[in-house]
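Every heavy atom of this structure was used, including side-chain atoms; hydrogens, water molecules and symmetry mates were not.
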Amino acid sequence: TVKEYGRLFARCGVQPKHWLAFADAFLWTMRTHVPYADETDAGDLDLPNNECAHSIFCASHICQPCIKESLQLREELDTPLFKVGVPRFWKRIASCPMVRASIGE
């Protein structure tokens with residue numbers, strides 16, 4: 001589902017600002033790379049972003065759920081374990097030469 005993919009992308013580091021850029025890129029692609037669009041679709045793409053059906057669909061059905069998942073994951077990870085414990089653990093592991101050689105910097 002979109003919600004599951006939103007969670008996956010959030011875990012990979014995709015932030016809300018990236019989803020806004022995605023929406024802009026999606027509309028630009030639709031405007032410039034769809035020469036076979038119907039007249040009604042082409043006319044719709046000429047509308048401002050907040051009135052364009054493609055933009056509204058992209059924002060409400062893709063970007064909004066993904067941004068929501070990203071913010072929810074950020075809240076879940078806002079704990080002392082992740083703020084203090086994980087960096088402390090990583091510092092100890094990263095100081096071992098064998099670990100650094102196997103996983104990199």
Side-chain angles (χ1 to χ4, degrees):
T1 65
V2 173
K3 182 178 180 179
E4 291 167 339
Y5 276 108
R7 188 100 168 144
L8 173 68
F9 283 120
R11 287 181 178 160
C12 292
V14 177
Q15 300 172 11
K17 66 181 178 182
H18 299 126
W19 289 109
L20 299 176
F22 163 76
D24 290 339
F26 173 77
L27 282 176
W28 175 80
T29 303
M30 292 295 289
R31 287 181 178 128
T32 59
H33 292 79
V34 186
Y36 49 84
D38 293 343
E39 288 179 21
T40 55
D41 288 337
D44 186 53
L45 288 168
D46 291 334
L47 295 173
N49 286 354
N50 62 343
E51 297 175 14
C52 175
H54 294 87
S55 175
I56 294 169
F57 173 82
C58 182
S60 63
H61 288 83
I62 298 172
C63 295
Q64 195 173 31
C66 290
I67 288 172
K68 189 175 184 179
E69 286 300 315
S70 179
L71 295 175
Q72 183 178 351
L73 182 64
R74 186 181 294 172
E75 287 178 13
E76 291 172 11
L77 298 179
D78 192 22
T79 64
L81 172 66
F82 286 100
K83 285 184 166 182
V84 178
V86 171
R88 186 181 304 147
F89 174 73
W90 181 250
K91 188 175 180 181
R92 284 182 44 208
I93 285 186
S95 65
C96 177
M98 288 182 66
V99 172
R100 287 174 60 171
S102 64
I103 59 174
E105 290 292 321

For residues Leu77 and Leu81: do they belong to one hydrophobic cluster (side chain heavy atoms under 4.5 Å, members Ile, Leu, Val, Met, Phe, Trp, Tyr)? yes

Could you list the residues that satisfy side chain to side chain contact (heavy atoms under 4.5 Å, CB included) with [X], not counting sequence neighbours?
X	answer
Thr29	His33
Glu75	none
Ser95	none

With a 3.5 Å cut-off and sequence neighbours excluded, list the donor-acceptor pairs that the side chains of residues 12-23 form with protein atoms.
from	atom 1	to	atom 2	distance (Å)
His18	ND1	Gln15	N	2.8

Output, in order, the C-alpha distance, side-chain angles, deciding distance and verdict of side-chain contact (heavy atoms from CB on, under 4.5 Å) for Arg31 and Leu27. CA-CA 6 Å; Arg31 287 181 178 128; Leu27 282 176; 4.0 Å; yes

Using atom types as modelled, flag every donor-acceptor pair under 3.5 Å from a side chain in residues 60-74 to any protein atom, sequence neighbours excluded.
from	atom 1	to	atom 2	distance (Å)
Ser60	OG	Ile56	O	2.7
Gln72	NE2	Glu76	OE2	3.3

Heavy-atom check, side chain of Thr1 versus side chain of Tyr5, under 4.5 Å: no

Checking Lys83 now: which residues fulfil side-chain hydrogen bond (donor to acceptor under 3.5 Å, both in side chains) with it, not counting sequence neighbours?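 Residues passing side-chain hydrogen bond (donor to acceptor under 3.5 Å, both in side chains) with Lys83: Asp78.
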
